[in-house]
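For this chain, numbers begin at 1 and follow the sequence in order. Computation of the quantities below employed the complete heavy-atom set of this structure, encompassing side-chain atoms and omitting hydrogens, waters and symmetry-equivalent molecules.
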Amino acid sequence: MDTVESLGYLKGLIDGLELDETTKEAKAIKAIVDVLENIVDELGEVYEEIDDINIDIDDIDDCLEELEEAVYEDEDDEWDDDEDFEDYESYEVECPSCGTVFEVDEDTLLEGGVECPSCGEALEFEFDADDDEDEE
């Protein structure tokens, strides 16, 4: 039974009691029922507002989804067209202290050093730009 049905049932029970409406008890019960009716009415209004808000949220979600598709589709196209992943190079490095082999990227090589992820040994790299140009 929902709240509206429960209130109707309660009012029926009270009417069935055939209370003398001049007594304090009957007046109190009538006042309680009036308050409950007000609460049920206001609760109904709140539920209607929640339904309206949910519709608005669904509309916003749909618009956001369309916007995301437009924005990310463009970014994906730019990423695929402008970036050449084959140009990205990584290099295998072996730590002379512990023998761990790990990869570093070109930026790390150009920075000149890195710590071994296993033992923490500081490894330094020498990069000669002239050697790189000779290879091309």
Side-chain angles (χ1 to χ4, degrees):
M1 213 184 300
D2 69 6
T3 308
V4 174
E5 292 170 342
S6 296
L7 180 60
Y9 178 73
L10 179 62
K11 287 173 74 175
L13 286 176
I14 293 171
D15 288 342
L17 293 175
E18 298 177 4
L19 299 172
D20 180 11
E21 293 189 24
T22 61
T23 65
K24 293 179 184 177
E25 292 84 7
K27 289 179 183 179
I29 290 173
K30 184 174 177 355
I32 291 170
V33 169
D34 289 343
V35 169
L36 290 174
E37 283 180 322
N38 291 338
I39 290 172
V40 168
D41 290 342
E42 290 175 8
L43 191 59
E45 291 173 12
V46 168
Y47 285 147
E48 287 178 13
E49 289 179 23
I50 288 173
D51 288 341
D52 291 343
I53 290 171
N54 283 332
I55 290 170
D56 291 343
I57 288 172
D58 288 341
D59 291 343
I60 291 170
D61 187 48
D62 292 341
C63 291
L64 181 60
E65 187 175 314
E66 290 174 14
L67 181 63
E68 286 175 342
E69 287 175 6
V71 168
Y72 292 128
E73 184 176 304
D74 290 345
E75 282 186 6
D76 289 343
D77 290 344
E78 289 176 19
W79 184 264
D80 292 339
D81 293 341
D82 295 341
E83 296 291 328
D84 188 5
F85 292 109
E86 294 174 10
D87 287 344
Y88 176 80
E89 292 188 40
S90 65
Y91 302 91
E92 282 191 355
V93 176
E94 182 176 348
C95 176
S97 295
C98 68
T100 300
V101 177
F102 59 97
E103 289 188 10
V104 296
D105 61 12
E106 189 171 3
D107 291 337
T108 303
L109 285 178
L110 293 174
E111 288 173 9
V114 67
E115 281 189 11
C116 173
S118 295
C119 69
E121 176 78 22
L123 306 177
E124 293 184 15
F125 307 114
E126 290 183 20
F127 182 76
D128 188 0
D130 293 334
D131 289 342
D132 190 39
E133 289 176 7
D134 292 341
E135 291 175 10
E136 293 178 6

Side-chain donor-acceptor contacts of residues 109-125 below 3.5 Å, not counting sequence neighbours, with atom names and distances?
unit_1: S118; atom_1: OG; unit_2: T100; atom_2: OG1; d: 3.0
unit_1: E121; atom_1: OE1; unit_2: S97; atom_2: OG; d: 3.2

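Take L10 and apply the side-chain contact (heavy atoms from CB on, under 4.5 Å) test, not counting sequence neighbours, and it matches I14, L36. Every residue meeting the side-chain contact (heavy atoms from CB on, under 4.5 Å) condition with V35, not counting sequence neighbours, appears here in chain and number order: I39. The side-chain hydrogen bond (donor to acceptor under 3.5 Å, both in side chains) check on T108 picks up D105, with sequence neighbours excluded. When the salt bridge (Lys or Arg N to Asp or Glu O under 4.0 Å) test is applied to E37, the partners found at least two apart in sequence or on another chain are K11. For D2, the side-chain contact (heavy atoms from CB on, under 4.5 Å) partners at least two apart in sequence or on another chain are V4, E5.
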Task: Derivation of the side chain to side chain contact (heavy atoms under 4.5 Å, CB included) call for Y91 and E106 - done: CA-CA 7 Å; Y91 302 91; E106 189 171 3; 4.2 Å; yes

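Taking a 4.5 Å side-chain heavy-atom cut-off between Ile, Leu, Val, Met, Phe, Trp and Tyr, the cluster of M1 extends to Y9, L13.
The list of side chain to side chain donor-acceptor pair (under 3.5 Å) pairs with a residue in residues 16-35, not counting sequence neighbours, reads D20-T22. Pairs of residues two or more places apart, or lying in two chains, never qualify as side chain to side chain donor-acceptor pair (under 3.5 Å) while including a residue from residues 41-63.
Note on I60: it does not cluster hydrophobically with I53, by side-chain heavy-atom contacts below 4.5 Å among ILVMFWY residues. Under the 4.5 Å side-chain contact rule for hydrophobic residues, L7 and L19 share a cluster.
Other residues, nucleotides and ligands contribute over 12 non-hydrogen atoms within 6.0 Å of the CD atom of E103.
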